[in-house]
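First listed ligand is number 1; within each ligand, the first listed atom is number 1.
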Amino acid sequence: MEKVLVLDFGGQYNQLIARRVRDHHVFAEILPYTVPIETIRENGYKGIIFTGGPNSVFDPASPHYDPAILDLGVPVLGICYGCQLTAWMAGGTVETAEQSEYGKIDFSVQKSDSPLFFGVPEKSVVWMSHTDRIKTLPAGFEISGKTEACPVAAMENRAKKLFAVQFHPEVTHSEFGNQMLKNFLYRVCECRGDWQMDSFIEDTVARLKEKIGDKKVILGLSGGVDSSVAAGLLSRAVGKQLTCVFVDQGLMRKNEGDFVEKTFTSLFDMNFVRVNCREHFLSALKGVTDPEEKRKIIGTEFYKVFWDEIRKQNEKGFFAQGTIYPDCIESGKGDADKIKTHHNKVEMPKDIEFLGVIEPLCDLFKDEVRRVGERLGIPKELVWRQPFPGPGLGVRIIGEITQEKIEILQNADWVLRDEMAKCGYEQHLSQFFCVLPGVSTVGVMGDHRTYDHLVAIRAVTTDDFMTADWAKIPYDILARVSTRITNEVKHINRVVYDITTKPPATVEWE
Ligand code: XMP
């Protein structure tokens, strides 16, 4: 498989660079700049991209690399900090510019025959974000592009296949950035573009087979997209050597536990263990109202049950997780050294010995994971499932959690999802669900006064869940949802719609 290395100098768009490369059907691997040059040599990359980063190359504490990388004979594309670093390593000089450039800047190509600028007009807009700039060119390099404030906005040493751009071709604001990346991959690195999701699956399955051999693997299956797709890949690789442990704490959506069980037992060759522990969770949560306390209890109890089940399995093997790229690598502020593991980081109990940890999706982004899932034949409901918090409905029931409240919420949420699916509006929403605030209000049903639960609907649109807007669902749809919930769900006499953005609110209520 052709591979391109994205050498990480702590820039904020590094994942995006890898993503763009993969969109051009070339596999991209991100490694921190601390990786030894021998590893790079051995891995046989078709090309190397130096990422941006917030440092100044003339700061001795800034991330540097062995200049011998420029003599490996592997094509290089330096981006932003990576551009300045290329100049610096090759013997040029870098200075702090009199004028910083941020945002959309007019760029003009100076070498129209440059392979990097094939199909790029002489004038276009690029995205800049820099204070330093190249002052003098290194020997053997020529200027291939400039902007008003940056006389060396692009440079190249065509003979050695070394290219560098001060701007960010990976962001969409650079009008022809994607074309430039494609040019680098196909015209400079001479890639064939053999990376497709199918080859990812074949390759990963082969590697998993080799690594696991005749040993066992245990995977914690949550029913979410990532662990489901990891389970699908592992099952294809080692079949019954895989045991998936699904802890059902009773806080999933209506019928979801049964759906997960049915899907995995009917679709895949594996051992599937469902641990039903609703009672256990309800008793651990009895009387608890504080949101943080509830989250903590749900998290702690989950792992207690999970590890106990693994002890029961009593088989030494590998421990697999559905960690995906954004979960596992996060560049520290400007220091690729600080790349850290978070999110899916699980503290392993000392008394359970594993042969190692397997994370088959750790190079992929969410939508790539979904594409793998589809190709593995995992049902759409699972592959396109909207995000669901680890603590489940526990964070959507305000106040004490009881079985009665869980059922009311599950039923209301089911109606909401059913109605949204029927009218097709779900495709416009990033996430939508019901919340049970634990508030009773007065109502009237028939001739009777009622005093029953209020349910809230939360629906948001967002790109990244860091900020979110409340969804402008048409009134007629909201009206149908409200009528159906109050008619079909016992103990609800009022429906309200949450019209708060994030910030100041969060998506979830707790
Ligand atoms: P907030 O409420 O922080 O939610 O605006 C942003 C996104 O994260 C999801 N979320 C969680 N996901 N464990 C998870 O796996 C959690 O504890 C958790 N809390 C919130 C939330 O559903 C939304 O998609």
Side-chain angles (χ1 to χ4, degrees), residues 219-231 246-254 256-257 260 281 284-285 288 290-306 321-328 330 341-347 359 361-362 365-367 369-370 381-398 401 406 409-410 412-413 416-417 420 426-437 455-471 497-510:
L219 173 87
L221 192 71
S222 69
V225 184
D226 307 340
S227 60
S228 298
V229 175
F246 170 49
V247 176
D248 185 351
Q249 10 73 319
L251 294 168
M252 301 194 75
R253 286 169 288 199
K254 190 172 177 171
E256 207 166 18
V260 171
F281 275 78
L285 289 163
V288 183
D290 178 71
E292 281 312 302
E293 184 80 356
K294 285 199 290 189
R295 268 178 184 272
K296 214 167 106 196
I297 292 173
I298 296 171
T300 315
E301 293 306 313
F302 176 90
Y303 278 108
K304 255 193 220 163
V305 173
F306 181 68
Q321 288 198 94
T323 321
I324 67 171
Y325 186 81
D327 295 336
C328 94
E330 186 189 88
T341 308
H342 69 136
H343 240 34
N344 280 28
K345 188 168 183 201
V346 175
E347 207 168 306
E359 296 176 319
L361 304 173
C362 66
F365 288 85
K366 194 77 167 192
D367 59 324
V369 172
R370 293 193 207 272
E381 294 98 300
L382 266 183
V383 169
W384 291 100
R385 189 182 191 255
Q386 51 176 287
F388 188 62
L393 299 183
V395 292
R396 296 180 183 168
I397 294 173
I398 317 304
I401 297 169
I406 294 174
L409 182 57
Q410 280 179 332
D413 193 68
L416 172 69
R417 283 190 289 139
M420 287 299 179
E426 59 183 5
Q427 58 174 317
H428 302 295
L429 304 173
S430 308
Q431 196 174 8
F432 62 97
F433 52 85
C434 286
V435 178
L436 200 67
V455 77
I457 296 169
R458 180 70 163 144
V460 295
T461 53
T462 172
D463 285 332
D464 57 7
F465 292 94
M466 304 297 285
T467 61
D469 196 3
W470 61 277
Y497 188 39
D498 180 348
I499 52 165
T500 333
T501 53
K502 172 183 179 177
T506 48
V507 174
E508 302 289 347
W509 278 33
E510 277 197 344

**Message:** Show me which atoms of ligand 1 lie under 4.0 Å from any heavy atom of Lys502.
**Reply:** 1 (P), 3 (O), 5 (O), 6 (C)
**Request:** Indicate whether any N or O donor in one side chain lies under 3.5 Å from an N or O acceptor in the other, for Ser430 and Thr462.
**Result:** no
**Message:** Given 3.5 Å as the limit, does a donor-acceptor pair link the side chain of Arg458 with the main chain of Thr500, or not?
**Reply:** yes
**Request:** Using a strict cut-off of 4.0 Å, indicate which atoms of ligand 1 neighbour a heavy atom of Pro387.
**Result:** 24 (O)
**Prompt:** Can we say Asp226 and Lys366 salt-bridge, meaning some charged N sits less than 4.0 Å from an Asp/Glu carboxylate O?
**Reply:** yes
**Asked** Does Arg396, backbone or side chain, put an N or O under 3.5 Å from an N or O of ligand 1?
**Response** no
**Request:** Of the side chain and backbone of Pro391, name the one, both, or neither that has a heavy atom under 4.0 Å from an atom of ligand 1.
**Result:** side chain
**Message:** Looking only at distances, can you tell me whether any N or O atom of Phe465, backbone or side chain, sits closer than 3.5 Å to an N or O atom of ligand 1?
**Reply:** no
**Prompt:** Any salt bridge between Asp413 and Arg417, counting N to O under 4.0 Å?
**Reply:** yes
**Message:** Using the side chain to side chain contact (heavy atoms under 4.5 Å, CB included) criterion, which residues pair with Val305? Sequence neighbours excluded.
**Reply:** Val247, Val275, Cys277, His280, Phe281
**Complete:** Sequence neighbours excluded, the answer for side chain to side chain contact (heavy atoms under 4.5 Å, CB included) partners of Glu508 is Pro389, Val395, Arg396, Gln431, Phe433
**Message:** Below the 3.5 angstrom mark, is there an N/O of Gly390, backbone or side chain, next to an N/O of ligand 1?
**Reply:** yes
**Asked** Can you tell which of Val395, Val507, Thr467, Val460 gets a heavy atom nearest to atom 1 (P) of ligand 1?
**Response** Val507
**Sub-4.0 Å heavy-atom contact, Arg295 with ligand 1** = yes
